[in-house]
Amino acid sequence: MISRLLIANRGEIAVRIARACRELGIEVVAACSTPDRYSAVAEMADEAVTIGPAAPRHSYLHVPNLIEAALRTGADAVHPGYGFLSEDPDFAEICDKEGLTFVGPPPAVMQQMGNKATARRLMADAGLPLLPGVVEPVRTAEEGRAIADEIGYPVIIKAVAGGGGRGMTVVTSPGDFAEAFTSTRAVARAVFRDPTVYVERYLTRARHVEVQVLCDAHGSGISLGERDCSLQRRHQKLLEEGPAGHLSPERREELGTLAVRGALSVGFTGAGTMEFLVDEAGAYFMEMNARIQVEHPVTEMLTGVDLVREQLLAAGGRRLHLRQEDVVPRGAAIECRINAEDPTRGFAPAPGHLDELRPPGGPWTRFDTGYRQGDDVSPHYDSLLGKLVVWAPDRDQAIRRMDRALAELRVEGPGVRTTVGLHRALLRHPDVRADSHDIEFLDRALPDLL
Ligand code: ADP
């Protein structure tokens with residue numbers, strides 16, 4: 001078992017990991033950049049070490065500094081959280097070499113799932129349905145156009161290394177293909193240091209449904225139900241919920257089975273997510289996230305399973321103690337990502353000093369944050385202030401509870417703006433109330449919601 005763990009992350013997920021460690025009796029080392037040296041997680045930890053200045057490439061992305069910090073503080077494991085180095089197989093491999101348990105799947109699995117084209121090929125081999133498209137990189141615009149002609153428009157050009165909704169371009173007609181191809185490669189090269197792209201069919205009026213899986217290192221895996229993450233701005237999730245009420249029981253069961261089969265087929269271990277696009281005609285594998293996700297608390301609320309605890313146990317080599325029949329999702333849960341952004345100014349980051357931060361309370365209401373009143377929200381990192389999560393016996397009550405909790409949440413400070421107003425407007429929209437929205441809904445409806 002793990003006895004002392006270095007958290008190679010910051011903010012709410014660092015606090016979340018520290019809490020799970022505390023409850024398991026694992027000692028916590030917080031790796032902090034200089035401005036985070038007195039953050040909430042540093043305060044909670046048994047030991048806090050500075051790993052570099054604010055800029056992520058000198059701290060949370062700086063592998064030698066993190067490894068050195070882990071070894072110097074006597075840690076025997078490293079949790080990468082999400083973002084930063086969580087999907088970097090080289091980091092996982094260096095941890096292994098240094099005798100540190102990396103809390104995540106084997107590096108080879110990270111490598112495979114980190115490449116969207118390879119992931120498509122492997123999941124097709126495992127019998128998962130894919131959208132029409134290729135599983136090999138597309139080298140030239142001519143080649144891409146020929147593929148697009150064959151599968152039919154609209155298509156989407158995607159960076160194999162893409163993430164966070166970036167490195168994707170939808171193309172609706174052949175005349176736009178060449179330019180989109182060139183610009184997507186340029187973005188992919190600049191942002192992900194790999195220009196490789198592939199092409200697949202773009203599904204309109206679809207829903208984003210993802211299945212949480214948990215696998216041990218002994219070949220067992222279970223699914224923990226699904227989340228619907230169709231409320232997205234520019235392919236980035238803003239509000240997630242579970243269960244996906246629009247799924248038939250048969251389709252839900254099928255997705256759970258496919259997700260576990262796909263994950264086990266590549267030797268995945270720990271907590272991961274299989275993402276699907278779903279429309280009336282079918283469900284199609286989109287990608288796998290081989291790490292804990294931002295929206296994991298939705299599943300925790302529905303199932304009562306502490307996913308970070310399970311992830312730590314699996315990384316320590318323990319066999320899954322849950323059987324598939326032990327997992328019975330109940331009721332409905334919603335998560336709002338409360339970002340320090342100004343929706344009226346193109347979602348520009350709006351960080352600053354938190355004069356006031358008062359989380360809501362009450363029944364089945366959870367607020368995960370890495371900030372305390374009086375902290376500064378740094379412009380160096382992502383704008384996630386906290387995640388507000390509620391549970392209720394059904395979706396309608398969960399929406400009411402979320403609205404009540406959003407109204408209670410107080411975030412004030414010079415220059416600080418949040419997405420709270422947008423979340424409240426979204427939850428009042430008739431399409432969201434009726435659960436009839438699709439992944440393009442928010443981009444379409446945004447002008448009316450602000
Ligand atoms: P990332 O890794 O950047 O999050 P994903 O592959 O998960 O990228 O896609 C993010 C979002 O983009 C999806 O949730 C969906 O809304 C949209 N998307 C991706 N591929 C398609 C597709 N083939 N058809 C329609 N929408 C898509």
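When a ligand or atom number is given, it counts from 1 through the structure's own listing order. In this text, all values refer to a predicted model and were calculated from it rather than measured experimentally.
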Sorted by chain and residue number, the residues with a non-hydrogen atom under 4.0 Å of ligand 1 are K116, L131, I156, K158, G162, G163, G164, G165, R166, M168, E200, R201, Y202, L203, H208, Q232, H235, E275, L277, M286, E287, I439

Check the pair R207 / D435 against salt bridge (charged side-chain N to carboxylate O under 4.0 Å, His left out), numbers first and verdict last. CA-CA 10 Å; R207 305 276 299 222; D435 201 10; 2.7 Å; yes

**Message:** For a quick check under 3.5 Å, do R16 and H296 share a side-chain donor-acceptor pair by atom type?
**Reply:** yes

One should read off an interatomic distance between T182 OG1 and I157 CD1, to the nearest 0.5 angstrom, of 8.5 Å

ask   = Between S39 and D36, does any side-chain donor sit less than 3.5 Å from a side-chain acceptor?
value = no

* Asked: Below 4.0 angstrom, N of the basic side chain to O of the carboxylate: do D394 and R400 qualify?
  -> no

Determine whether K387 and E295 satisfy the following criterion, salt bridge (charged side-chain N to carboxylate O under 4.0 Å, His left out), listing intermediate values before the conclusion.
CA-CA 8 Å; K387 309 185 307 201; E295 60 271 28; over 6 Å; no

